[in-house]
Engineer: 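This structure is in structure tokens; I'll ask about it shortly.
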Amino acid sequence: MRVFNAEKEKKGNDFLEDLKTSINEIIQRTENQETRHKEVTVKTMEDFPVNIHYIFEDEGSLLVTAIFKI
């Protein structure tokens with residue numbers, strides 16, 4: 001987040017909002033699936049050059065394992 005704040009004032013806040021949106025999209029997309037992957041999956045954020053690495057630990061737990069700037 002510091003990287004984005006350094007690039008443009010308040011861009012860090014925009015990043016956090018987009019991150020929340022991206023995580024909600026992951027959850028919504030997988031709610032309709034009977035099985036969730038037990039391996040690390042990657043989602044690229046739309047408005048930032050960032051990949052979110054995540055895994056579903058069980059039916060109710062999403063674990064974000066890493067967030068990398070690409």
Side-chain angles (χ1 to χ4, degrees):
M1 192 166 99
R2 284 181 280 159
V3 172
F4 296 122
N5 271 335
E7 292 174 0
K8 180 182 171 190
E9 188 176 338
K10 303 292 183 191
K11 194 169 183 181
N13 291 336
D14 295 340
F15 169 74
L16 288 177
E17 290 303 315
D18 196 35
L19 179 62
K20 290 177 192 176
T21 300
S22 295
I23 290 174
N24 284 330
E25 288 172 0
I26 292 168
I27 293 168
Q28 289 174 355
R29 185 177 66 215
T30 57
E31 281 180 344
N32 298 331
Q33 298 175 358
E34 289 185 24
T35 58
R36 294 181 174 177
H37 296 287
K38 298 281 185 186
E39 56 193 49
V40 175
T41 308
V42 178
K43 175 176 176 40
T44 302
M45 292 176 63
E46 290 185 26
D47 296 328
F48 290 88
V50 171
N51 283 338
I52 303 169
H53 296 244
Y54 65 93
I55 188 169
F56 284 94
E57 294 182 307
D58 55 39
E59 290 298 316
S61 298
L62 170 69
L63 174 66
V64 175
T65 58
I67 300 174
F68 293 112
K69 185 174 179 186
I70 50 176

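These numbers come from the heavy atoms of this one structure, side chains and all, not from hydrogens, waters or symmetry mates.
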Engineer: Report the residues that fulfil side-chain hydrogen bond (donor to acceptor under 3.5 Å, both in side chains) with Thr65, sequence neighbours left out, ordered by chain and then residue number.
Structural biologist: none
Engineer: Distance from Ile67 atom CD1 to Phe15 atom CZ, nearest 0.5 Å?
Structural biologist: 5.0 Å
Engineer: Show the numbers, then the answer: is there a side-chain contact (heavy atoms from CB on, under 4.5 Å) between Asp47 and Asp14?
Structural biologist: CA-CA 9 Å; Asp47 296 328; Asp14 295 340; over 6 Å; no
Engineer: Holding to side-chain contact (heavy atoms from CB on, under 4.5 Å), I want the full list of residues that pass it with Glu25, two or more places apart in sequence or in another chain.
Structural biologist: Thr21, Lys43, Glu46
Engineer: Minimum heavy-atom separation for Ile70 to Val50, with atom names?
Structural biologist: CG1-N, 3.8 Å
Engineer: Using the side-chain hydrogen bond (donor to acceptor under 3.5 Å, both in side chains) criterion, which residues pair with Asn51? Sequence neighbours excluded.
Structural biologist: Thr44
Engineer: In this structure, would Leu16 and Ile27 fall into the same cluster of hydrophobic residues linked by side-chain contacts under 4.5 Å?
Structural biologist: yes
Engineer: Can you tell me how far apart CG (Leu19) and CZ (Phe48) are? Round to the nearest 0.5 Å.
Structural biologist: 9.5 Å
Engineer: What's the shortest heavy-atom distance between Met45 and Asp18, and which atoms?
Structural biologist: CE-OD2, 3.3 Å
Engineer: Do you know which two heavy atoms are closest between Leu62 and Tyr54, and how far apart they sit?
Structural biologist: CD1-CD1, 3.4 Å
Engineer: Do Phe56 and Val64 sit in one hydrophobic cluster, given that two such residues count as connected whenever their side-chain heavy atoms are within less than 4.5 Å of each other, even indirectly?
Structural biologist: yes
